[in-house]
Participant: 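I'd like to ask you about the structure that follows.
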Amino acid sequence: MTPTAKPPIWRNVRFLAWAFQLVALALVVTLIAILANNVRVNSANLGVPVGLDFLKQPASFEIPANEFRSTQSVQSAMVQGALNTLRVAILGIVLATILGVLVGIGRLSGNWLVRNLSRIFVESIRNIPLLGIVVFAYLALVLSALPSVQESWELSGLVIANTRGTSGPWFTGAIVNVLASAALAGLVAWLIRRWRLSRLDQYGEAPNVFWWTAPVFVLVMFWTAFLLGIGVTTPMVDGRRVVGGITLQPEYFALLIALVIYTASHIAEIVRGSIQAVPRGQAEASMAMALSPVQRMRFVILPQATRIALPPLGNQYLNLLKNSSLGFVISYFELTKVTSTTIGNRSPAVPAYLLMMLLYLIASLSISAVVNFFNRRLRIH
Amino acid sequence: MTDTAPTAADQPTDPPLWSPSPSGSVSTWLKKNLFRSRLDGVVTVVAGTIILIAGFRFLRFVFVTGRWQIVRENLSLYLTGSWPEEHLWRLVVVVVGLALIAGFIGGFSAGRIDDDPSRAVSLAGRDRLVDLGSRLWPLVVTVALLLALTTTIGPLLVAAGAIVAAVAGNMAGRAVPGGMSAVPVVVGVLFLTLAGIWLLNAGLSWNSWGGMVLNLSLATISIALCFPIGVLLALARRSEYPILRWLSTGYIELFRGVPLIGLLLMANVALGFFIPNSLAPGKVVRAIVIFVLFTSAYIAEIVRGGLQSVPPGQIEAGKANGLTPIPIITRIVLPQAIRNVIPALVGQFISLFKDTTLAGAAMGLTDLLGGAEASTAQADFRGQGLIAETLVFVLLIFWAGSYTMSRESQRLETKLGVGER
């Protein structure tokens, strides 16, 4: 017997490892195949089609808020649903971040009242189910506490709130023009910012970025808006309805409020933890350099805290996107509600739900990708 | 120029961001905590106005304008759903049994910690009551409120029985000799839990579960099942075998990328396509399966974080001592990994507890929240705008449970010395 003799195959670790893995893979594949086959057979037995042909059928339900008519296809209904999901998720992410950062800083404030107000907000909202907040915001706030159209609450003619919706000023003209105008103004402002910062680097001039960019932004936006024929309308009560401006339907408004305060309470905790994780010497050093408390936050603490906060913040954004599916419960026509409705109207359940899951998966992975991109950029090399 | 050693006067006047301590007389306290600068004064006034208005409105709602009759009359709907009255004794046995088990676990772990001289925290009788009160006040207040709202003597007797059982369990737990292994205790608790589920289920179909009982059962059963699956998934994702890694990663990313309510809807409507109808379980079991599938993906990610925090030297040391892979994982890696992620795990369990409300919304089960909405549609209360009252009441129950859990997890964290070793 030589020491180099191979062990028998059933004692060979590498062989065993691969055999084990292949068996696991085979089991999973078999399971999926059985399930897929079941769907095929059961669908055939029930006379339900499989495949995506149902997307071409007429939707046969309406989405009043989007002027979606029942003769349009299921496909455009799902697109509209996905857009509505994004509409609430994107604005929700922006607002929740602002509120969450404010409350998170508030929890560390030296001011006793602010500190405890923030703490009560976080500890109460974080510990109740989001579904409860959504239902409360819809049934108890937006539908019950707000007045009827005739007795609308008005804020100097700019904001009008009643049980039919909340209205505010908006642009007239195509939304594409508005976006183009804002993009152009943003581009010009960004170029000016770069120029100011380069002057700072070269000659040590005070950059005054805000005072340079803000007027330019407003001016460019104003003139392009004028040239493209964009105006502004404000809402007005006209008998039993509100005309002009933009109206957020009650479902959207309730879902948005609920998502924002719930996510903000989680973001606040992340922000607080990240600020506390910035080494204390940083704060002390900035005090030693006579920075004001606001400067200390803006230039020393927050930039470093952002780096720590970004990964968990990304998770909260993902959660907000997925939680927007709770719009289902209050009949806000986002993706989940649209999918369930179309299934109720005899679209095949399995392909429709799988398509919905796929859309959510794509949206989630896109948000992860964006967060990872910023995460990489902020990392210290 | 003389020597410029820093003096107290050179120090910046505003206190560090995170540790203003109230001390001194009222006026110094006010100055230090509320009016440090002009801006601070403005902020104080604004925040104070918000607190006063919100507090006034809330108190007025609770004590003056709120019409709490609906809550009083629907208490049993909220707590037990449509549980038949002749089976109520099963619930009573389970509640008292749970109190006994909880007391026993508390006493058992307290006894073991007290035996360890470095960690002994024994408090005298009165201090212990104060300590328990400050820890458990949300639960105590909620239970007291529930008892105050009841109209019969039964719940009072049950609560008294539960307290007696908890104290008895605690004393029994402390009496267990310190050197004893925890394994028989864990096995015993698991056995009793299964017996409890059997007791609840015998003679009653799962589908008659409702109210808070449903939320609590869904949460406990799902937590117990998803934890081991999550740990296995995390180990698979960190393993050196590529196919296992891919499978586990695919599973985790798939379930983390889709909304829970979508999965529940799918299980409710489309399950019959995937498996033969004769095999399809009832709604409660479906909900549990979905919760387990969904939450185990999240648990896996948390445990993976914990696994990454264990230094590789620990594994190498295990190998050097001649341990085989499984004891290295179960005795060296996992205990350290899980200890490091206890807060995140408890956070996940809290969100699972809160998410059980989705089963009500997506599958048409009458859970605590669903019961609150359903009660506003009863003939006596319809169209009176009572949704705020019912929701505030049931959300208080959820809040008390979640808040206590999160506070206790922070306590456990300090007790285990996470981040200190």
Side-chain angles (χ1 to χ4, degrees), chain A residues 17-18 20-22 24-25 28 35 38-39 42-43 46 48 108-114 117 123-124 126-133 135-136 139-140 144 275-276 280 283-284 287-288 290 293 296 301 318 322-326 328-329 336 339-340 343 349-350 353 356-357 360-361 364-365, chain B residues 12 14-18 20 22 29 32-34 36 40 43-44 47-48 50-51 240-244 247 253-254 256-263 265-266 269-270 272-276 350 353-358 360-362 369 373 385 387-388 391-392 394-395 398-399 401-403 406:
Chain A
W18 278 103
F20 174 64
Q21 290 186 77
L22 287 176
L25 183 66
V28 172
L35 290 179
N38 279 352
V39 169
N42 286 331
S43 300
L46 294 169
V48 179
L108 298 168
S109 158
N111 187 310
W112 184 86
L113 267 183
V114 172
L117 189 62
E123 294 289 8
S124 54
R126 217 162 58 107
N127 285 312
I128 54 183
L130 174 61
L131 182 61
I133 306 179
V135 174
F136 191 90
L139 293 180
S144 307
I275 291 179
Q276 283 176 326
R280 230 190 144 111
E284 286 163 5
M287 286 184 217
R296 187 172 68 209
I301 309 285
L318 282 182
K322 285 181 287 169
N323 284 337
S324 70
S325 58
L326 292 189
F328 167 78
V329 179
T336 309
T339 312
S340 306
I343 288 168
V350 178
Y353 274 133
M356 176 186 95
M357 299 291 184
Y360 273 114
L361 207 55
S364 299
L365 294 178
Chain B
D14 55 2
L17 273 172
W18 33 75
W29 186 86
K32 220 170 151 184
N33 289 293
L34 295 179
R36 288 170 306 159
D40 205 36
V43 170
T44 299
I50 295 179
I51 289 182
E240 53 195 87
Y241 307 135
I243 296 181
L244 271 189
L247 287 176
E253 294 303 328
L254 178 69
R256 273 162 45 94
V258 298
L260 177 57
I261 199 167
L263 291 171
L265 283 170
M266 198 163 164
V269 176
F273 286 99
F274 288 103
I275 55 175
I350 293 175
F353 173 56
K354 294 188 291 177
D355 280 345
T356 53
T357 52
L358 295 185
L369 196 59
E373 281 179 75
I387 189 76
L391 282 180
V392 164
V394 301
L395 293 184
F398 278 109
W399 176 81
S402 310
Y403 182 65
S406 75

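From a predicted model like this one, the values you see are computed outputs, not experimental measurements. So that the names make sense, note that chain A is the first sequence line, chain B the second, and so on, each numbered from 1.
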Participant: So for Ser325(A), is it side chain, backbone, both, or neither that comes closer than 4.5 Å to the heavy atoms of chain B?
Facilitator: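 Both parts, heavy atoms under 4.5 Å.
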
Participant: Excluding sequence neighbours, so at least two apart, what forms side chain to side chain donor-acceptor pair (under 3.5 Å) with Thr336(A)?
Facilitator: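 Glu334(A), Tyr360(A).
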
Participant: What are the two closest non-hydrogen atoms of Leu391(B) and Phe136(A), and how far apart are they?
Facilitator: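 Closest approach of Leu391(B) to Phe136(A), heavy atoms only: CD1-CA, 3.5 Å.
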
Participant: Can you tell which part of Phe328(A) gets under 4.5 Å to a heavy atom of chain B, answering side chain, backbone, both or neither?
Facilitator: side chain

Participant: Do Pro242(B) and Gln21(A) have side chains that approach each other closer than 4.5 Å (heavy atoms only, starting at C-beta)?
Facilitator: yes

Participant: Which answer fits Val329(A), side chain, backbone, both or neither, if we ask what part of it has an atom under 4.5 Å from a heavy atom of chain B?
Facilitator: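 The side chain, not the backbone.
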
Participant: Just so I know, are the side chains of Phe273(B) and Leu35(A) near enough to count as touching, which here means a heavy-atom distance under 4.5 Å?
Facilitator: no

Participant: Once you round to the nearest 0.5 Å, how far does OG of Ser402(B) lie from CD1 of Ile128(A)?
Facilitator: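 So the gap between those two atoms works out to 9.0 Å.
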
Participant: Going from CH2 on Trp112(A) to OG1 on Thr44(B), what distance comes out if it is rounded to the nearest 0.5 angstrom?
Facilitator: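 The OG1 atom of Thr44(B) is 11.0 Å from CH2 of Trp112(A), to the nearest 0.5 Å.
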
Participant: Taking it one step at a time, do Met357(A) and Leu254(B) satisfy side-chain contact (heavy atoms from CB on, under 4.5 Å)?
Facilitator: CA-CA 9 Å; Met357(A) 299 291 184; Leu254(B) 178 69; over 6 Å; no

Participant: Given 3.5 Å as the limit, does a donor-acceptor pair link the side chain of Trp399(B) with the main chain of Glu123(A), or not?
Facilitator: yes

Participant: Measure distances from Leu247(B) to the heavy atoms of chain A and classify the residue's part below 4.5 Å as side chain, backbone, both or neither.
Facilitator: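 Just its side chain gets close to chain A.
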
Participant: For a quick test of reading the model, state the closest non-hydrogen atom pair linking Leu395(B) to Gly132(A) and the distance between them.
Facilitator: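 Closest approach of Leu395(B) to Gly132(A), heavy atoms only: CD2-CA, 3.8 Å.
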
Participant: If we ignore hydrogens and angles and just use 3.5 Å, is the side chain of Asn38(A) paired with the main-chain N or O of Pro276(B) as donor and acceptor?
Facilitator: no

Participant: Can you say whether Ser124(A) sits under 4.5 Å from chain B via the side chain, the backbone, both, or neither, judging by heavy atoms?
Facilitator: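 When you check distances to chain B, atoms from both the backbone and side chain of Ser124(A) fall under 4.5 Å.
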
Participant: Is Leu263(B) in contact with chain A via its backbone, its side chain, both, or neither, using a 4.5 Å heavy-atom distance?
Facilitator: both

Participant: Check for a donor-acceptor pair, side chain of Lys322(A) on one end and backbone N or O of Arg256(B) on the other, with a separation under 3.5 Å.
Facilitator: yes

Participant: Non-hydrogen atoms of chain B under 4.5 Å away: do they reach the side chain of Met356(A), the backbone, both or neither?
Facilitator: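 Answer is side chain: those atoms of Met356(A) sit under 4.5 Å from chain B.
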
Participant: So Asn42(A) and Ile275(B), side-chain contact (heavy atoms from CB on, under 4.5 Å) or not? Walk me through it.
Facilitator: CA-CA 9 Å; Asn42(A) 286 331; Ile275(B) 55 175; over 6 Å; no

Participant: Quick check: closest heavy atoms across Leu361(A) and Gly257(B), and the distance to 0.1 Å?
Facilitator: CD1-CA, 3.6 Å

Participant: Please classify the contact of Glu373(B) with chain A as side chain, backbone, both or neither, using a heavy-atom distance under 4.5 Å.
Facilitator: side chain

Participant: Among Pro129(A), Ser364(A), Ala140(A), which has the most heavy-atom pairs under 4.5 Å with chain B?
Facilitator: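 Heavy-atom pairs under 4.5 Å are most numerous for Pro129(A).
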
Participant: Please step through side-chain contact (heavy atoms from CB on, under 4.5 Å) for the pair Leu326(A) and Leu358(B), ending with a clear verdict.
Facilitator: CA-CA 9 Å; Leu326(A) 292 189; Leu358(B) 295 185; 3.2 Å; yes

Participant: With a 4.5 angstrom heavy-atom cut-off, is it the side chain or the backbone of Leu130(A) that approaches chain B, or both, or neither?
Facilitator: neither

Participant: Tell me, side chain or backbone of Leu265(B) under 4.5 Å from chain A's heavy atoms, or both, or neither?
Facilitator: both

Participant: Would a 4.5 Å heavy-atom cut-off, applied to side chains only, mark Ile243(B) and Trp18(A) as touching?
Facilitator: yes

Participant: What are the two closest heavy atoms between Ala47(B) and Val114(A), and how far apart are they?
Facilitator: CB-CG2, 4.2 Å

